Amino acid sequence: MSTPSSPPSSPVWAVALPLPVPAYDFAAPHGHAGPLPLGCRVLVPWRNELALGVVVGAGEGGAHRLREVAGVLDRSPWVGAGFLAGARSLSALSRVPLGLLLSDLLGVGLTPRYQHRVRAVQDADLSLFGPHTPTPEWREASAFEPALLDAVRAQGLLDEDFSLSPRLSSVYRARPWHEVPEEQRTVTVWRALPIGPTPLTLRQEQAWRWLLEHGPVDSLGDWARRAGVGSGVVMGTLQRGWAEAAQTEAAPPPAYIVLQEAGPFETQVAWAQAAQVPGSHVAGLIARRWADSVEVLAPPPALPQPAAAPRRLPDDLPEELVWRLHGGRDAERFAQLAARIGRRLELGRGVLVIAPDAATLRRAWEGLSGVAEPSGTRAVLFSGTLSDVQREESWQRIQSGAARLVIGSGLALAAPLADPALIVVLEEGSDGYKWPSGSGVFVPDLAARMGAALQTPLAYVGAAPAVESVPLPGVVLPPPRSRVHVVDYASPAAQPSLGPLSAVQLRPGDQGYPISHDLAKVLRQVAERGRQAVLLAPRRGYSALIRCPSCEHTPQCRNCDIPLRLHQQTRQLLCHQCGFSQGIPERCEVCGEMMWSARGPGTEWIAAEVRTLLPECRVYRFDKDQQDDLTPLFQGESGVVVGTQALLSQDAPPNLALIGLTLADTWLGVSDFRASERYHRLLRQLISWHPERAPLLLVQTFQAEHAALRSVVEGHDALAFPTAEYDLRRALSYPPHAALAQVLITAREQAKASAGADEVAQALFAAGATPQEVLGPAASPVTRVKGLYPYHLMLRTRDEARLGKLLDVLNRSFRARVRVDVTPRGGLGV
DNA sequence: AGCACGCCGACT
DNA sequence: GTCGGCGTGCTC
């Protein structure tokens, strides 16, 4: 890619900095022969200092008078070539600056410690730069002003030398006793004097005698209580001079002793755990200077140990470039995968396994890490939850080639795996892959671009395929044995005579709500037999929908075919995807019944109901608000947990007999065309949650005939429903039959945002976009976010090439800030 | 992201 | 008369 005009001895390099800016061009460092390794870390002049960047490819050169790279930190890539290629492709389409992708997804090595020495180049006269300038001898760069160094550097008169130093880690250690501030080490106590100047009353004598025999005490109140006298007596004794305050050495807090004996600790959390005190307690000790944080040479970190070698089934998985493996249970899929991964590792090549969340990652590590050693290499775990030193150590093992099986979160995509032969993306449809901020990258999208760029095979593996994966060649394992019972709240028997209500709870009479009679019966059995149950509910039981109580119709968006959301303040129904709005109908447009707003039960309510139902049974809550300690459950004790989907990040309780979905409609009420797919995936995950057993899955719903549920009830495999959904989406022109992009327009003033949004729409139409391709623009349902007024606009095109062509119009500047999300999820990417 | 440059309100 | 608010633009 280097331009013909640039001589091969001084090529131009594109360097991405971990900032929301595009990659910039830099000239090769002077005196540096040969090409720079793609993906190596370099230090470049940046705003009169040095900044760390990554070489992402050959630069274009061009108009700028380029600065030289100041120094090269790595001899081999710190970031994988596939990642760089994938990120460049994504950046080109989405206009997310390459540097932002880098800062989001490079989880290690952005702040290396290095020694930096400088000297003047031979025969250079630096006197005009000032009195104190580099000489021909090597000196520490810190001896000079950074701005002065940069001025010399810009003239090409500076030789620089960088060498990486071992990383330091900061640890908490106990301060030596004599360094703890004196006021912390001493306490005021009250002690009796042998004799006083003024005679005492009888009561005072009693108080004094008690103190003489049992004292000293920490407080006057304590003295009075324990001596059995009133506080007045104590005060009198003191006034008559028979007792005094004295400073004595305090007993050190127990957590301090733990730190002295078991420390130092790398984190406050580790210290708090060892001392068995709350985190705030150790934070308080640090504030009061019982402990401090010191930099020490990082000891070799303890890394997660690989599991035992898994069962390996014959490798009959597809050989195509992109394939899928779904259904069955975790262990079955991992046994299939183990063979393929093992064979690739035995060839001396690398394998990357990516998980969307901590729970999936942990299961993948337990299920797959054992493949490495018999195949002649090591496995490393890499995710944001590792400590800095652990990340550094893991990355270096990958970089050195010592570890060729990488199992990690999306961050692991950037790993410098030399020769990847397979990228496995677990649960590719999971929303956990969507980066919540910054680049907004969808990890499987990036993985797919990486695979395509390097021609590395890519596999999607999970309980249920994403609809996008349906046409791929692949294997579907038979569903695990399951028992599903559906409580149909919409069945005629369940319809009591209901009057029209507004913003009240939906109470479908005689089935029992929110705990149906069927669910209550099974719960009682669970309690009687000493077994365990899990009930899943939304955290806050509110879903802004309206629904007909008679025919279950929920008003849909005419553009998007997803439920319209109720906005009480504006008295409107609004599509959260395209912004379409209409008034709230009083009567159902299908059957004429009065409409209701629907309110579902949250975890708190359900937990209270279960406690009433089973007063003898232990009831736990597990959601973001309240995470009860489930240890007794995992030790086999009987109990019921009421929680959100967060529960699935835990292992299934061992004695699990029942899983209840208290209101399955919650998963369908989401205004997003992926709601059905998500619901189906949840059901698949639930029936395969327990590694051996098949607990009863009881689903309470108004939509008993929903195809996702029927598919599970009727024992179809994990591909059946996504296939039907795939065809449905063709009819509605949704991905994968169309390419979507959400354009988010924000400004501090509403009028500006609105004008900007119109401007963007006009630019798109001017570029040939059709009305079918442009949905919106519309004000976002959330009217103001962090002081910004957001507007959005959805682009829906036949394919990605067309999308890219239309998005090209966004290269110019607009009156408002414009951002693009090419993998929108959850309707609204605000 | 930071940081500088650049125009309009409340104060030494 | 300044100090300082953050809006806009730039970084090879």
Side-chain angles (χ1 to χ4, degrees), chain A residues 1-3 5-7 10-30 32 35-36 38 40-73 84 87-88 91-92 94-107 109-111 145-147 149-156 158 160 435-441 744-756 759-760 784-790 810-820:
Chain A
M1 263 198 283
S2 87
T3 48
S5 58
S6 61
S10 64
V12 174
W13 299 101
V15 175
L17 295 100
L19 300 172
V21 295
Y24 286 121
D25 287 346
F26 289 87
H30 67 259
H32 191 281
L36 297 179
L38 198 66
C40 74
R41 289 173 300 173
V42 292
L43 292 156
V44 293
W46 186 257
R47 307 182 55 89
N48 298 325
E49 290 188 31
L50 291 181
L52 183 115
V54 170
V55 176
V56 297
E60 303 289 320
H64 265 285
R65 206 172 72 226
L66 296 177
R67 297 289 305 268
E68 289 173 354
V69 171
V72 182
L73 287 182
L84 294 177
R88 287 186 103 170
S91 173
S94 68
R95 276 126 192 99
V96 170
L98 191 54
L100 185 55
L101 286 170
L102 196 73
S103 74
D104 271 5
L105 287 150
L106 181 53
L110 292 174
T111 55
E145 285 294 317
L149 287 184
D150 196 56
V152 180
R153 181 184 293 129
Q155 297 305 314
L158 194 66
E160 300 189 73
W435 223 259
S437 61
S439 61
V441 62
L744 187 70
I745 302 119
T746 52
R748 212 164 277 278
E749 292 158 54
Q750 171 129 41
K752 251 182 160 174
S754 165
E759 207 186 348
V760 169
R784 219 157 84 122
V785 184
K786 290 184 205 156
L788 292 174
Y789 289 90
L810 302 181
N811 284 341
R812 71 177 178 85
S813 76
F814 291 87
R815 271 179 288 174
R817 205 170 85 106
V818 176
R819 274 181 41 198
V820 181

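Reminder, nothing fancy here: chain letters follow the sequence lines and each chain counts from 1. Hydrogens, waters and symmetry mates are skipped; everything else that's a heavy atom, side chains included, is used. Nothing here was measured: the structure is a model prediction, and the numbers come from that model.
- Using a 4.0 Å heavy-atom criterion, one finds that A:P18 contacts no nucleic acid atom at all.
- The OH atom of A:Y24 sits 10 Å away from the P atom of C:dC10 (whole-angstrom rounding).
- Contacts of A:R47 with the nucleic acid, taken as non-hydrogen atoms under 4.0 Å apart, include base atoms.
- First and last contacts of DNA chain B with chain A, using any nucleotide atom under 4.0 Å from a protein heavy atom and ordered 5' to 3', fall at B:dA1 to B:dC3.
- For the residue pair A:P45 and A:D150, the shortest heavy atom distance occurs at CB-OD1, 3.7 Å.
- Taking the ring pair (Phe, Tyr, Trp, His ring centres under 6.0 Å) definition, one finds that A:W435 meets it with nothing, sequence neighbours left out.
- Separating the CZ atom of A:R67 from the P atom of C:dC10 is a distance of 19 Å, rounded to the nearest angstrom.
- If you take CG on A:L17 and CG on A:L100, they are separated by 12.5 Å, rounding to the nearest 0.5 Å.
- We find that CG of A:D150 is positioned 9 Å from P of C:dC12, with the value rounded to whole Å.
- Atom pair A:R812:CZ and C:dG9:C1' shows a separation of 18 Å (rounding to whole Å applied).
- Taking atom CG on A:L19 and atom P on C:dC10, their separation rounds to 17 Å, with Å as the unit.
- When rounded to the nearest whole Å, the span between CZ of A:F814 and C1' of C:dG9 equals 17 Å.
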Show which side-chain atoms of residues 23-30 of chain A pair as donor or acceptor with protein atoms under 3.5 Å away, not counting sequence neighbours.
{"unit_1": "A:D25", "atom_1": "OD2", "unit_2": "A:E60", "atom_2": "N", "d": "3.1"}
{"unit_1": "A:D25", "atom_1": "OD2", "unit_2": "A:G61", "atom_2": "N", "d": "3.1"}
{"unit_1": "A:H30", "atom_1": "ND1", "unit_2": "A:E68", "atom_2": "OE1", "d": "2.8"}
{"unit_1": "A:H30", "atom_1": "NE2", "unit_2": "A:L158", "atom_2": "O", "d": "3.1"}
{"unit_1": "A:H30", "atom_1": "NE2", "unit_2": "A:D159", "atom_2": "OD1", "d": "3.2"}

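- Looking at A:R153, its side chain never comes within 3.5 Å of a backbone N or O of A:E160 through a donor-acceptor pair.
- Between the side chain of A:R95 and the main chain of A:V820, no donor-acceptor pair closer than 3.5 Å is present.
- The nucleotide whose nearest atom lies closest to any side-chain atom of A:L66 is, among C:dC10, C:dG7, C:dC12, C:dC12.
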